[in-house]
Structures are given as structure tokens and as C-alpha cells.
Amino acid sequence: MKKFIVIIIIGCLYYPSLSQSKANFRKIQKYLDQAVEDGISGVQVYIKTPKTGVWQGTAGYADKEKKELFNKDHMSSLASVGKTYNAVALFTLVEKGKISIHHPIKKYLSESIIDNLPNGDEITVRHLLNHSSGLVNYETDSVLNALYLSGKLKLDTLSHVGALERYVFGKEPHGEPGEKHRYSSTGYMLNAMIMDELTEDGHTQYLRDLISNWGFENTYYRETPPQNGIRYYGDLDQDGVQEDITDKTLETTNWFIGDDGIYATAEEMGQFLERLWNGDILGEDALKQMMTWDDEKDPDYGQGVFPDKSFPYKFTVGHSGRGIGSTADVYYFPKQEITVAIVSNTGLRAANPKFRKAYLKMRNRIVKKLFLF
């Protein structure tokens, strides 16, 4: 009789909580649906909490013309989240003793590159990793963007050294190496070139092998997933209407080195960050180096990851990606052990602000709801 009473009491305590969790996730699903109503083409979300386990939700279309719904198995370009993967790849070389982040980059790159970089003799690998090299961001060069977006420049005709020569060499730096944080994808292109020098088959194959060894089957680097099927949408003329820009999105994702290039599901992107933080991918010392912030009191960046205090609920670590045809965010809240990973096939870069507003509204509502569970 007593056992029966105990079971009833436990049931009364447990099932209302379970019911409430389901109600909260239904609310989050409504946020995804609302984002699609507000103009986002498709979205995929992975959430993991200690209390509720894993939840995944999707909304909208992977292919609007064919009316193919976005599902949890679709892989999307992660844009600048690729920086985290490439930083981790570099730290595996640190663990093997092949490189130190405190070494000057002139130890690894040719004189023809170093001599043409502002302060090239003084820049270290760490300066590249934490965006304090002072180098301009080639990705935001107005001439490069005008040529590419107008169709006058095909990336397969531009080498990565050629991009440096045109859009970085001789440009006035933002400051001295180590002086201040200034986001620059140039540093990650250079880090990829350094890894090319230190690996037998180049950094691309090296990172692909790492991804396979980590057990991720739905993650690719600089290689369009064979079973993908997803279409990408952007608003390059900023008229508030999205166009299919799949070809441009695939072209850029497969061309970038170091600063982009990853395709993955939200689930595997989230699991990658979880495992990284919990020491399953890098050893303790390398992870500590990676998570050393530029300013401990007011951090902007570590080595391939953002520390973010802008959310209303304590500290989070992760990265964001903003492409012309894709968007990604991945966050891990260490204190709460909560993971949030979001991917979308709508680009916010060079688009009408209404799409950014719709996406950020959804993202922020998801995070707030999680902390009210």
C-alpha cells in the first residue's frame, strides 16, 4: 500500500513537469512557424537541456519551388561557424606539437605573403585566431563584393593568394597586432594556409578526416553534401523579396578556406560544440588555450569562439554565421548545460533588414523561453 502511494506521489510530481515541458516546446515551435510567416524560408533547431533532453524542431521549406519541407536531416551551410571547426583543427596540430599559437606566422608562411602583410613580421597565430592581427577583412571589401554579387567575378578564377594580393596586401591596418579586437576573416584564411603547410594532404582533407574521426556523418567541409537537396534564399537587391541564390551560396561555401566552408545539420553543429566544451574533442590544455578570452573582464573573442554576455541569462559560448543565403547560430550555456543550435536557408547578409528582424526575434524568444522552463 505504501509503495502504491509513493508511486502516485512521484507521478503527480513528474508528469505535470513533463506536460509543462511539452507545452514549452510547442511554444518554441510556434516561434519557428511565426518566423516563416515573417519571411524566413526555412529553419531547423536543436535544443538540449539537462531537464528535457533533446528537442528538435523545423519550419518552412528546404525547397520552396518543390514545396519540400525543411526536416531535421537537411544539411545547411553554416557560414562563419566554420571558423570554430577550423580553429579546432589547428589546435589538434598544437596538441601534436606541430605549431604554437604564440609563434609568429612568418615561421609558417612564405616571405612573399609575410612581406606584403602590414606588420607581417609581428603577427602571431593567436592574433589571427582572436581577430587582433589588425588586418583588414577581405570579405567586406566593397570592390570584391560588387564584382562578385554582380556576376563579374567567378570565385573559381580567384586563388586565395590572389584574394590576399587584391584585397589585403598594402591595405592600412586597423591597428598594431594585439592592440584590439577587430573581426577579420583574413586571419582564418591565413590559418588555413598555415595548416596547408603542416599537413600532408592540406588542411581541407585534414579537417574532413577529423570530422569523420569525431563520428559526424552529417557534416561536410568545402564539399556539397551529396544527399543535401536544400535550396538557399537571399535578398541581394534588398527589395524585401527573396530569390533563389543556391548556386552563389554553394560557390562561396566551397571556395572559402578557414573562415567558412562547413555544412551540417543543427543537431551535429550543436553536438560539436557540446563535445568541444566538455573535452571530448580537444584535451584540457588545448581547450583552455582556445577558451582564453582577449579580455577576461569584457571578452570579445577567444580562439575561434565568441564568449557572449549579451543574452539576458548569464554567460554563453559559441559562434554565429551570416551568409548571403544561409544563417547559423550555435550556443552552449555552461552554467545551465543548455545547447541551442539554429540553421536557416535564408541569408541575412546584404538583405533587407526585415529578414534579420524576423530571425533575431525568433532566436531571442527561443532562448528566453528555455530559461523559463
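Worth knowing before you read on, the calculation uses all heavy atoms, side chains too, and leaves out hydrogens, waters and symmetry mates.
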Check: Sub-3.5 Å donor-acceptor pair from the side chain of Arg126 to the main-chain atoms of His103, do we have one?
Finding: no

*Checking Arg222 side chain against Trp255 main chain: does a donor-acceptor pair fall under 3.5 Å?*
yes

Does any donor atom in the side chain of Gln205 or Asp209 lie under 3.5 Å from an acceptor atom in the other side chain? yes

- Query: Thr292 and Gln303: side-chain donor and acceptor closer than 3.5 Å?
  - Reply: no

**Asked** Would you call the rings of Phe272 and Phe216 parallel, tilted or perpendicular, where under 30° means parallel and over 60° means perpendicular?
**Response** perpendicular

Open item on the list: Could you check whether atom NZ of Lys64 has more than 12 heavy atoms from other residues, nucleotides or ligands sitting under 6.0 Å from it?
Closed with: yes

Have Ser76 and Ser326 got a donor and an acceptor in their side chains that come within less than 3.5 Å? no

- Does atom CZ of Arg275 have more than 12 heavy-atom neighbours from other groups under 6.0 Å away? yes

Practice problem: Indicate whether the side chain of Thr157 and that of Lys154 have a donor and an acceptor atom separated by less than 3.5 Å. | Solution: no

Can Thr199 and Lys98 be counted as having a side-chain donor-acceptor contact under 3.5 angstrom?
no

Practice problem: Determine yes or no for a side-chain-to-main-chain donor-acceptor pair under 3.5 angstrom, with Asp260 supplying the side chain and Phe256 the backbone. | Solution: no

Can you tell whether the side chains of Asp329 and Arg322 come within less than 4.0 Å, N to carboxylate O? yes

Exercise. Indicate whether any N or O donor in one side chain lies under 3.5 Å from an N or O acceptor in the other, for Thr49 and Thr52.
Key: yes

For Tyr359 and Ala328, the nearest pair of non-hydrogen atoms, with its separation, is OH-C, 4.1 Å

inquiry  = Are Tyr301 and Trp293 an aromatic pair, judged by ring center distance below 6.0 Å?
reply    = no

>> Parallel, tilted or perpendicular, judged at 30° and 60°: which one describes the rings of Tyr331 and Phe333?
In response: tilted

Tyr148-Glu251 side chain donor-acceptor pair, cut-off 3.5 Å = yes

- request: Walk me through it: do Asn191 and Ile194 pass the test side chain to side chain contact (heavy atoms under 4.5 Å, CB included)?
  value: CA-CA 5 Å; Asn191 271 330; Ile194 289 172; 3.9 Å; yes

Q.
Checking Gln44 against Thr58: is there a side-chain donor and acceptor pair closer than 3.5 Å?
A. no

*Let me see the working for Tyr221 and Asn254 under side chain to side chain donor-acceptor pair (under 3.5 Å), right down to the final yes or no.*
CA-CA 8 Å; Tyr221 180 54; Asn254 295 341; over 6 Å; no

Distance under 6.0 Å and angle within 45° of ring axis: Lys335 vs Phe315:
no

message = If we count only N and O atoms by modelled type, under 3.5 Å, do the side chains of His174 and Tyr183 hold a donor and an acceptor together?
response = no

Query raised in the report: How far apart are the C-alpha atoms of His131 and Tyr188, what are their side-chain angles, what is the distance that settles it, and do they pass the ring-ring contact (aromatic ring centres under 6.0 Å, His included) test?
Result: CA-CA 9 Å; His131 300 289; Tyr188 278 75; 5.3 Å; yes

Do Asp141 side-chain atoms and Asn137 backbone N/O form a donor-acceptor pair below 3.5 Å? no

Q) Please walk me through it: do Asn278 and Glu274 pass side chain to side chain donor-acceptor pair (under 3.5 Å)? A) CA-CA 6 Å; Asn278 289 302; Glu274 290 167 1; over 6 Å; no

Do Ser77 and Thr253 have a side chain donor and acceptor closer than 3.5 Å? yes

Original post:
Cation-pi between Lys72 and Tyr46: NZ/CZ under 6.0 Å from ring centre and within 45° of the ring axis?
Top reply: no

**Asked** Where do Leu207 and Asn86 land on the side chain to side chain contact (heavy atoms under 4.5 Å, CB included) test, with the steps shown first?
**Response** CA-CA 7 Å; Leu207 181 48; Asn86 275 277; 3.9 Å; yes

**4.5 Å side-chain heavy-atom contact, Ile123 and Leu135** = yes

Distance alone, cut at 3.5 Å: any donor-acceptor contact between the side chains of Tyr85 and Thr219?
no

Checklist entry - Short question: side chain of Asp235, backbone of Gly240 - any donor-acceptor pair under 3.5 Å? => result yes

Test side chain to side chain donor-acceptor pair (under 3.5 Å) on Glu68 and His74 and set out the steps.
CA-CA 11 Å; Glu68 180 183 352; His74 279 115; 2.9 Å; yes

